[in-house]
Structures are given as C-alpha cells and as structure tokens.
Amino acid sequence: MAQISLTFPDGNQRSYDAGVTAMEVAQSIAPSLAKKAISATLDGAHVDLAWPIEADGAIAINTMKDPEPALELIRHDFAHIMARAVQELWPEVQVTIGPVIANGWYYDFDRKEPFTPEDLEVIEKKMKEIINLRDEVRTEVWDRPRAIEHYKSNNEPYKVELIDAIPGDEPLRMYWHGDWQDLCRGPHLQNTGQLPADAFKLMSVAGAYWRGDSDRAMLQRIYGVAFLNRNDLKAHLHMLEEAAKRDHRKLGREMDLFHMQEEAPGQIFWHPNGWTVYTELQDFMRRKQRAGGYVEVNTPQVVDRKLWEASGHWEKYQENMFIVEVDEEHAREKAVNALKPMNCPCHVQIFNQGIKSYRDLPLRMAEFGSCARYEPSGALHGIMRVRGFTQDDGHIFCREDQIESETAVYIEFLSSIYKDLGFENFKVKFSDRPETRAGSDEVWDKAESALLSATRAAGIEPELNPGEGAFYGPKLEFVLTDAIGRDWQCGTHQVDFVLPERLDASYIGEDGNKHRPVMLHRATLGSFERFIGILIEEHAGKLPFWLAPRQVVVASIVSAADDYVHEVVDALRAAGIRAEADTRNEKINYKVREHSLAKVPVLLAIGMREVEERTLSVRRLGNKQSTTESFDNIVKTLAVEATPPDMIPS
RNA sequence: GCUGCUGUAGCUCAGAGGUAGAGCACUCCCUUGGUAAGGGAGAGGUCGAGAGUUCGAUUCUCUCCAGCAGCACCA
C-alpha cells in the first residue's frame, strides 16, 4: 500500500498508509487526542475526521479548543439538527439548503404553513432531544446517478437541482445524523452529542427566495445562532440588545431629531435638532470641498424625460424613478418629467455650457444634490435607505491620463473627511469589469489599473469584488465599520466612460481637436441621511460636541438664579455655542436626568453659590461628577471645543 | 416587490363582539429643591384607511396603506 507523509503543526512528520483518516491519525498520536478531536485542517482546508487522506500534506487535529473550526462545525451540525427536527415534527416539509453564516446558520424550508414563533420553541425543544440521543454522524460518497435517483424517488426536487448545480467532477457526499440524511459537503462532528445544547437559539423566520432568485419560489428561512458555550451565547444576545439601543430610529425619536410618516414613506421630516446636525455636517463638507478644489453647483429637481433618455436612465433606471406628468394646456401630449435620481446628467449640462479647454481639466464639480429614487418598499430602513435624500455628490471631468492622479487626490480628500468625523479605519472595495459593459477592454485595463495603483499608493490594499463594476466603468467603494462591527458603504468613486459620450461632453485638447473627457463619479458621505444615521449609531446618540444639536443647557437650581442663567446663555450664544436655558420649576435632579437622556453634552447648573461667585457647576454627559469653573473660563473652553475638526488650528 | 409579523393617547404598551385603559410626556396648582424622576389635579384617542359579516365591529373577514424582520433590489 502506498505511503503518505503528514506534517504536524510542530514540524514533525509521520508516514501513514494512503487513505488513512484524520481520526486514525489522531489515534496514532494519542487516544486522548482522538477522544477530543472534532475535525482536522489539511493544507488549510477544513476536513472531516472520517475522510480518507490520499496525499502528503500538513495536518492539524482540531478540538473544541480551536474556536474557528469548532464554531464552524457546531453551527453546521446545528443546521442539520434543526432540519432533522423540522422534518421529524412535520414530515411533509422539504429541506433545501442550510449554510453557516456569521454567528450561526440558517436553513431554508419549503412548507405551506408559515412557521410561527411558537413553532421555533417546539423546534428548539426537539433539537435538544435529538442532541441528547447522541447519534453517530456518518458519511459516504455517492455517485451522481445514485444521489439523483435517491432524491427523485423521495420527491425532493430542490436537492436534485442542487446536485445538478454541483460541478461534475466533485464527489457527492451524504451525511447521516442518526437516520436523518442530507446532501452536504461537510465536514461534521462525529456525534450529535458533541453539540452544546445550551449555547444555541433560534432567532427568527423570514422568507427567502430559492437560490436567491426573486422569480422563484419563496421558501421559509429559520435563522439560528450558536456558540461554544452558554456564556458566549449570552454575550451575543446582550450585544444585540445594546445594538438595539443604538438604533438611529429609536434615538432619532428620543433626541427629537426627525420623524417619518405614512404620507411620505422613505422621506424625512427633519426637526430643528436633526436639521442642526445636518446643516453643521453640510457646512463642514462645503468647507472641505472648497479646500479640495471643487466648484459647487446646483441643478434642477424635475427634468424632462428627454435628458433621461439621452443619459440612459430612462432605459436602465426608470422603475426607480418618480415620474411626473403635467398637462400643458396647448400641448398635444403630456409633458413627462422625472425627479432626478442622480445628479450626473445635470452636471454634464453645466460642463457642456461654453467650450471647455484641456486647461479647464480636471474640473471638480460638486453638488449637495437632492435625489428622489423610488426604492422598493421592502428596502426602506429608517434614514439609512430612503426615497428622498441628498448626496454629497461630485463629478470630476478629466482626461484619461488624469484618472490615477485624481483618484489619489480623492482618496486623500476622503480620508481626511473620515478622519475628521472619527472614522479612522475604513475598508476599500474594488469592483472590476462586469460581463456586460461598455467600452473597449483596452480602456478598462487602463481605468482598472489607475484605480488600483492610486489606492495602493495610498497604502490601502482593496478587497476585490470581481465583476461587480458598473457597466460604464470600474469603481471603488469605501466602507465604514461602526462601533458594533456592522459595515456601511458610504463613499464611492467610479470611472465613467459612457455618460460623457451619451451626453456629448467634450473639450478642446492641446492639439486643437475635440476630445471626450472621462467622468469620475464620487461621493464621500454618500448621502447626508445615511451618514447621519451612521453617526447616531456609531456614537449611540452622543454626538461629538461640534455636531451636537443642543451643546449646552444652562439649568437653574433655584429661580433666584434665573437672571444669571440667561446671562450665561447669552454669552455662550455670542461665542457661537448652541445653548439653551432651563429655568423650569423643576428640581435639578429632574433636569439632569432629562438632559442626560436627551444626550446634551454639557449641563451647566446654577444655584445661589454660583450666582455669588460668578461660577458655574459643569456636568458633562457620562460623568457623574461635576466641577466648578469660572464664567469666563467656561465660555472660552466651550468655544474651543465647539470648533469643527477642520477648523482647529494645527 | 416577495414571505411573515405588527398598527390602540406624543412615547412605551395593556385590553375586549356591547363604541377604551396604564405609566411617562403635556397643561394648571402647590413646592425654590444642589446633580438621573417632589406632590396634587386636569386635558388628551373616528383603536392605520375602506368595505363586508353582525342587532351591534376598534375586536371577526377581505382589500388597501404604513412599519418591522429577512429575501430580492441598491448607478
């Protein structure tokens, strides 16, 4: 029999008969290891202890002490156990797929009646019973005809379709958890009793399309989470509770920032507090853009369909546009307009006014562009995904050979803004050419390499999103991670060869001939609405001082202090600080509580002592202690603190 | 858009086939209190919209609208 040589993590090598299983390898090292073993890592791949090993390689035996493989196995086995529990409870239910995802797994089922929350409890209970049976997990490799025959005779068309989708040269592997059988690539645990029965929870049911295709059947997906032990599960559930407290929809209401209502779905009524944040952020961006060499413009909201036809939006984007028809009294036909979903075509109109020279390029044009998009109702989410929003949009008209330098300048610009706003780390995703695209391969080659090298020159290695570029050009996406680990795509930077062509933009080159500029579409915050949502959640409502809608509340402790309260408020306002007086007939405890809950960063309390000494009692949000400071001093201090980050002298 | 769930006072929520309740918030009165809720009184609702069943519907049924979770979408 042929021999193979396996290398262990400590560098030792041993030889085995080809076809040895990882379990046998573990046994050969130590019976105690074999007892604890759950899987193996072979040349970086996660493998089942029961699979035969046929070639030389580097092997590591995993136990429950190795969190990564352990969690993957646990979650994967839980998926199977859940599917088994469901089929034991309702034998007519068809199982489809059930992968491991972050923190847990899901499994998609085909069942007529919807699963209810009560059903989830029943399923959980059943799963615990199954785990207690400590059933052996078995696996076999089947050939394709046998597997197809098996599922056809069991009338399981979903599985047959899955098999059809698996490339012909891959082995088909079957797993049994007890008597329950599923097609699965593995690996799995050896015994269902190895699952931590107290460290999982079924979370929710929701619809999901078969194979992610909205034209196909809607299945029912049950989500579960699982961890190595009960404490990790508890910690996860606690984290979810904390995340819910940061929800911008809840904080937006509590802080009186904005509201939304039925009559304007997906659109925001900004209250004075929220609008203060918005305008403060917009002022900041306007200063940044001026410093960054942009010219600011403003363009129409309602634009005739002719322009959208020319730009291609009418054909490609119509179902997302708000169409407005107007009866013109003397016209034969109704005038058809659309609310602008994007600003780019209008910006080209401005570019096209007059004759542009190569000396005008690169031309950086910016607009706080209000856009309206008819987003699908199910996509709406608070102020993060809306139908009416304002982009910090910009278009750079440049020559092809300026793409790289303009990209480099932009990355620097964006980094500076993110840094000022407290997001030091961000991810960059690079999307290259999709299958259907405009423009020659040669042009794509240049554009892609320009984006990549500019990004790398900035010291950033982008993640690749193969084939995810727009049809008109490759793009970079800038993704922020918030305090609880969620990703948000905000910034974008896209090369566009198509729109200048469609809208006939041109400039006169050094050679005296007309040339086509390239357009770079770019947005940094993305939309003010989404970005403010992110800021709220990132800071759990405790916005940085310069952005806080109400920066200071001056509260009287006794009404005899009211005059001094107003004097302080006036002085703070004169120093440019957003200050309010609270001279209501309430105790200081009440006022402290209320303004703390409203996330006011600084509370100045005034009693008779402060009046006499011309001081203030300063209480900062999050601090239980207060300090006493002089009137003049606190005004100066707070005025400095209120300076936006881009205006702080370095 | 799809599947499921939800919609009762400004907010959070209870309730029931016989036209509604709590706490907080709000208004007024008392209280001038030193750092996270002082006391009392009062006002406030076409029970998301429309239709149907019923003697009677906010409650049951249907349709629509909106929200929530997920999927799909996301130039």
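Numbered from 1 within each chain, the chains take letters A, B, ... in sequence-line order. All values below come from the heavy atoms of this structure, side chains included, with hydrogens, waters and symmetry mates left out.
Within the 4.0 Å cut-off from OP1 or OP2 of B:G67, not a single side-chain nitrogen or oxygen of A:Arg253 is found. At the phosphate of B:A25, OP1 or OP2 sits under 4.0 Å from a side-chain N or O atom of A:Tyr590. Under 4.0 angstrom from either OP1 or OP2 of B:C68 there lies at least one side-chain N or O belonging to A:Arg249. A close approach under 4.0 Å does not occur between any side-chain nitrogen or oxygen of A:Asn589 and OP1 or OP2 of B:A37.
Within 6.0 Å of the CD atom in A:Glu113, the count of heavy atoms belonging to other residues, nucleotides or ligands exceeds 12.
The listed nucleotides are B:C73, B:G34, B:C71; the one nearest the side chain of A:Met218 is B:C71. Of all nucleotides listed (B:G1, B:U32, B:A66), B:G1 comes nearest to the side chain of A:Tyr374.
Aromatic pair A:Phe368/A:Phe528: ring centres closer than 6.0 Å. A distance below 6.0 Å separates the ring centres of A:Phe423 and A:Phe531.
Side-chain to base pairing of A:Glu113 with B:G4: no donor and acceptor N or O lie closer than 3.5 Å to each other. Taking 3.5 Å as the limit, the base of B:A36 and the side chain of A:Arg619 contain a donor-acceptor pair of atoms between them. You'll find a donor-acceptor pair under 3.5 Å spanning the side chain of A:Arg385 and the base of B:C73, going by distance alone.
The interatomic distance linking A:Phe115 (CZ) with B:G70 (P) rounds to 19 Å, in whole Å.
Between A:Arg593 and A:Glu586 there is no salt bridge, since no side-chain nitrogen of the basic residue lies less than 4.0 Å from a carboxylate oxygen of the acidic one.
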